[in-house]
> 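Here it is: the structure, laid out below.
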Amino acid sequence: MFRTKRSGLVRRLWRSRAPVEGDGEADRGTHGSGGCCMGKTAKVAKSNAGSEAELKALTHSILKKIKEKQLEVLLQAVESKGGARSPCLLLPSKVDAKVGQQSYSLPMLLYKVFRWPDLRHSSELKRLSCCESYGKINPELVCCNPHHMSRLCELESPPPPYSRYPMDYLKPPDSPDSGPSSGDTGGTTYSAPVGLSDSLALQESGDRAHWCVVAYWEEKTRVGRLYSVQEPSLDIFYDLPQGNGFCLGQLCSDNKSQLVQMVRAKIGYGIQLTREPDGVWVYNRSCYPIFIKSATLDNPDSRTLLVHKVFPGFSIKAFDYDKAGSLQRPNDHEFTQQPRTGFTVQISFVKGWGQCYTRQFISSCPCWLEVIFNTR
C-alpha cells in the first residue's frame with residue numbers, strides 16, 4: 001500500500017513518544033523518590049491496552065492534520081530530546097482532545113505524549129525563554145514544541161531530610177577542610193577556550209556587561225578560567241549536538257579519577273541558565289538529576305541551607321533578585337564567604353552532598369559549578 005511522507009513522520013513520532021512507567025524505558029529522571037521536584041507529582045502506571053489504543057488513534061488523528069514541515073520540526077525536537085535547536089511549533093491553542101473522560105488542549109496532549117505522561121495541568125509547566133510564546137497571554141497560536149517547555153520544581157514543605165545542610169557544618173574560610181570559596185581556585189587553573197574571562201571579572205573594575213560568571217570545578221580543583229556571561233541565557237554542557245555556550249568538554253583537565261570521568265560522561269546536555277524578570281532560572285537538560293544550593297531558595301530566618309534535587313526536564317528559580325538584597329546577615333558563614341560582587345549558587349551534576357550523603361561539602365562532588373552573580 002502506498003505510504004505518504006506524512007504517514008511515515010506520524011509513525012516515527014509515535015515510536016518516539018515518552019515511555020510510561022512499566023515500559024522498562026521510563027525516563028530515570030521523571031520518576032523517583034524524594035527530591036523537591038517530585039513532592040507533588042504522581043507516578044503514572046502503564047496504560048491498559050484500551051486506553052493506549054485510544055491515545056494512539058487520537059494522536060495519529062491530530063498529527064495527520066499538521067503540516068509536513070511542522071511534523072518535521074516536532075520530530076527533530078523529539079528524536080534529539082531537545083539537544084538540537086528546533087524552532088517553535090505554532091498551532092491553535094483552542095483545539096481540545098479527549099482521552100477517556102479527560103479533555104486536554106492540543107499543547108497539553110503533545111506535552112503528555114512526548115515528554116511527561118504524568119502531566120496533569122498546565123500550571124505544572126514553565127515555558128522556556130527561548131520560545132516565541134514566552135510571556136504571551138492566551139495567544140491564538142501557541143508553541144506546542146514539547147522541548148520548549150519544562151516542569152516546575154515545587155519545593156516540598158518540610159524539605160526531605162537528606163537535603164538538610166546545617167550552618168553548623170559550614171567551616172570558616174580559614175579551615176583547611178572547608179570548601180573552596182568563590183575567589184579561591186582550590187588548585188591549578190588550567191587553560192580554557194577562547195571567550196572565557198579571567199579573574200578580573202570578579203574585581204570591581206566598573207565593567208557591568210556581565211550579569212554572572214561561572215566556574216567549573218572537579219572536586220577541589222577549578223578547571224579552566226571563569227566564564228563571563230553577558231547574554232540572557234547560557235547553555236552549560238559537556239556534549240551537545242547543536243548549540244553555543246560553555247562547553248565543559250573543551251576544558252583541559254588532568255583529573256584521572258574514575259568517578260569524575262563517569263560523572264563527566266553523564267553531564268550530556270547539561271543545564272540552561274537563564275536571567276528572567278523574576279530571577280535566575282536553572283533548567284536541567286541532562287538525563288540525570290542535578291543538585292542546587294542557593295540562599296534565596298530557603299526561608300530567610302532558617303539556620304539551615306538546603307540542597308535541592310532537580311530532576312531532568314525540570315526548572316527551578318535558583319536565584320531571586322528580590323530576596324537577595326535582604327538575605328545578607330553579618331554573622332553567617334555562608335555570606336562571609338561570598339565575594340563582594342554578588343551571591344553564589346552551587347550546582348552539582350549527578351552526585352548530591354549534605355548531611356545524609358558521604359559528601360558533606362560540594363568540594364567533594366566530582367563535577368560541579370559555581371555561579372557568581374554580579375549584583376552591582
Side-chain angles (χ1 to χ4, degrees), residues 29 36-37 77 80-88 111 115 122-137 142-143 145-155 195-197 201 208-216 226-238 240 242-248 267-286 289-297 308-324 342-349 368-375:
C36 63
C37 298
S80 71
K81 299 186 185 299
R85 291 291 187 186
S86 54
C88 288
Y111 302 153
R115 294 262 345 238
S122 59
S123 62
E124 300 172 25
L125 297 172
K126 180 187 183 300
R127 192 172 293 279
L128 301 180
S129 61
C130 63
C131 181
E132 288 182 28
S133 298
Y134 174 78
K136 294 182 179 179
I137 301 175
V142 66
C143 177
N145 188 327
H147 288 276
H148 285 190
M149 303 295 293
S150 66
R151 290 286 287 274
L152 274 172
C153 189
E154 298 184 30
L155 305 183
L196 298 187
S197 70
R208 303 192 180 193
H210 70 278
W211 59 271
C212 78
V213 292
V214 180
Y216 171 60
L226 298 175
Y227 191 101
S228 181
V229 184
Q230 288 86 29
E231 298 298 324
S233 181
L234 172 70
D235 290 332
I236 304 173
F237 55 91
Y238 198 86
L240 191 65
Q242 297 178 8
N244 299 312
F246 189 7
C247 179
L248 305 180
I267 293 174
Y269 298 169
I271 64 170
Q272 186 175 87
L273 192 68
T274 308
R275 182 181 60 174
E276 301 187 27
D278 60 341
V280 177
W281 287 80
V282 174
Y283 169 47
N284 185 1
R285 303 181 67 194
S286 75
I290 59 173
F291 297 80
I292 296 181
K293 181 163 74 82
S294 167
T296 66
L297 285 171
H308 299 276
K309 187 176 185 178
V310 181
F311 285 95
F314 281 76
S315 286
I316 189 171
K317 184 160 66 171
F319 191 75
D320 189 308
Y321 291 128
D322 291 336
K323 291 182 180 180
F343 291 88
T344 298
V345 168
Q346 296 173 329
I347 304 171
S348 174
F349 294 103
W368 58 282
L369 301 170
E370 198 170 26
V371 184
I372 309 160
F373 296 102
N374 180 6
T375 58

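Computation of the quantities below employed the complete heavy-atom set of this structure, encompassing side-chain atoms and omitting hydrogens, waters and symmetry-equivalent molecules.
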> In Å and rounded to the nearest 0.5 Å, what is the NZ to OG1 distance from Lys293 to Thr344?
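Here the rounded value is 9.0 Å.
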> How far apart are the closest heavy atoms of Thr274 and Ser233, and which atoms are they?
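Nearest pair, atom of Thr274 first, then Ser233: OG1-OG, 3.5 Å.
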> For Ile290 and Ile271, work out which heavy atoms get closest and say how close.
CD1-CG2, 3.8 Å
> Judged by modelled atom types alone, do Tyr111 and Glu124 share a side-chain donor-acceptor pair under 3.5 Å?
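No, no side-chain donor-acceptor pair sits under 3.5 Å.
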> Report yes or no: does Ser348 contribute a side-chain atom to a donor-acceptor pair with the main-chain N or O of Phe291 at less than 3.5 Å?
no
> Which pair of heavy atoms, one from Ser86 and one from His148, lies closest together, and at what distance?
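Of all heavy-atom pairs spanning Ser86 and His148, the closest is O-NE2, 2.9 Å.
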> From Ser129 OG over to Gln272 CD, what is the distance, rounded to the nearest 0.5 angstrom?
6.0 Å
> Supply the atom-to-atom distance Leu226 CG to Phe246 CZ, rounded to the nearest 0.5 angstrom.
8.5 Å
> How about Gln230 and Ser228: does a side-chain donor come under 3.5 Å of a side-chain acceptor?
yes
> One pair to check against side-chain contact (heavy atoms from CB on, under 4.5 Å): Trp211 and Phe373. What are the steps and the verdict?
CA-CA 6 Å; Trp211 59 271; Phe373 296 102; 3.8 Å; yes
> Which heavy atom in Leu128 sits nearest to a heavy atom in Ser315, and how many Å separate them?
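Smallest interatomic distance, heavy atoms only, reads CD2-OG, 4.4 Å.
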> Once rounded to the nearest 0.5 Å, what's the spacing between atom CG of Asn244 and atom CG of Asp235?
8.5 Å
> Say whether, by atom type as modelled, one donor and one acceptor occur between the side chain of Asn145 and the main chain of Pro87 under 3.5 angstrom.
yes
> Run the numbers on Lys323 and Phe343 for side-chain contact (heavy atoms from CB on, under 4.5 Å), then give the verdict.
CA-CA 11 Å; Lys323 291 182 180 180; Phe343 291 88; over 6 Å; no
> Verify the neighbour count for atom NZ of Lys317: are there more than 12 heavy atoms of other residues, nucleotides or ligands below 6.0 Å?
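Atom NZ in Lys317 is packed in, count exceeds 12.
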> What's the shortest heavy-atom distance between Leu234 and Gly245, and which atoms?
CD1-CA, 3.8 Å
> Looking at Gly82, is its backbone amide N or carbonyl O close enough to the side chain of Arg285 to form a donor-acceptor pair, meaning the two atoms are under 3.5 Å apart?
yes
> Determine whether Cys247 and Phe237 make a side-chain contact, defined as any pair of heavy atoms from C-beta on separated by less than 4.5 Å.
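A side-chain contact exists here, since the closest heavy-atom pair is under 4.5 Å.
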> Find the distance between NE2 (His147) and OH (Tyr269) and round it off to the nearest 0.5 Å.
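So the gap between those two atoms works out to 9.0 Å.
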> For the CH2 atom of Trp368 and the CD1 atom of Ile347, what is their distance to the nearest 0.5 Å?
11.0 Å
> Kindly indicate whether the side chain of Val280, heavy atoms from C-beta on, has any atom under 4.5 Å from the side chain of Leu273.
yes
> Ignoring hydrogens and geometry, is there a side-chain-to-backbone donor-acceptor pair from Ser133 to Cys143 under 3.5 Å?
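Yes, the answer is positive, given that a donor and an acceptor are paired below the 3.5 Å cut-off.
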> So Val310 and Tyr283, side-chain contact (heavy atoms from CB on, under 4.5 Å) or not? Walk me through it.
CA-CA 9 Å; Val310 181; Tyr283 169 47; over 6 Å; no
> List the steps and the verdict of side-chain contact (heavy atoms from CB on, under 4.5 Å) for His210 and Val229.
CA-CA 5 Å; His210 70 278; Val229 184; 5.7 Å; no
> So which heavy atom on Lys126 is nearest to which on Glu276, and how close?
NZ-OE2, 2.8 Å
> Can you find a pair of side-chain heavy atoms, one from Phe349 and one from Tyr238, that are under 4.5 Å apart?
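Side-chain contact under 4.5 Å: no.
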